[in-house]
Amino acid sequence: MGHSPVTTNPLIIMMINMTVVFIVLVVLMYLIKLIHFIDPTKVKEKPEEPVADEPPLVAVKSETAPALEPVVEQGVTPEIIAAISAAVAAYGFAGQVRAVRIVNHENTPWRASARFNTLQRK
């Protein structure tokens with residue numbers, strides 16, 4: 001008793017296989033969503049208070065009445081240092097960024113290159 005294939009058309013075989021693969025992917029997607037929905041280890045989120053766009057205020061001691069002044073941060077923010085560290089690590093440097101300083105942008109090689117390129121285009 002020989003068993004013969006139903007079809008030998010490669011286009012039909014491809015369509016059947018792709019349909020099966022996408023059905024399996026959709027089932028996995030909903031299974032993952034279900035697991036995230038019923039996850040008992042998930043920490044309950046607390047509703048956050050709306051953050052104002054204004055900087056925080058600090059009380060300043062004076063002789064007449066305490067006045068509130070906005071806090072002005074000096075230097076480079078931690079987010080910028082993290083972005084610089086990630087960029088340095090992306091280039092394969094395995095060390096640690098210890099200091100970040102702002103340089104004078106007037107006479108940097110990047111600015112000179114940009115001026116040179118703009119003058120050549122004209």
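- Note: Glu79 CD to Ile84 CD1 = 11.5 Å, rounded to the nearest 0.5 Å.
- Atom CG in Leu11 sits 10.0 Å away from atom CD1 in Ile16 (nearest 0.5 Å).
- Going from atom CG of Leu34 over to atom CG of Asp39 covers 11.0 Å, rounded to the nearest 0.5 Å.
- Interatomic distance, CE of Met29 versus CG of Leu25, reported as 9.0 Å (0.5 Å rounding).
- We find the CE-CD1 distance between Met15 and Ile13 to be 13.0 Å, quoted to the nearest 0.5 Å.
- If you take CE on Met14 and CG on Asn17, they are separated by 9.0 Å, rounding to the nearest 0.5 Å.
- Heavy-atom neighbours of Met18 CE from other residues, nucleotides or ligands within 6.0 Å: at or below the threshold of 12.
- Under the rule for a side chain to side chain contact (heavy atoms under 4.5 Å, CB included), the partners of Ile35 that lie at least two apart in sequence or sit in another chain are Leu31.
- Taking all atoms of both residues into account, the shortest heavy-atom contact from Asn9 to Thr7 is N-OG1, 3.1 Å.
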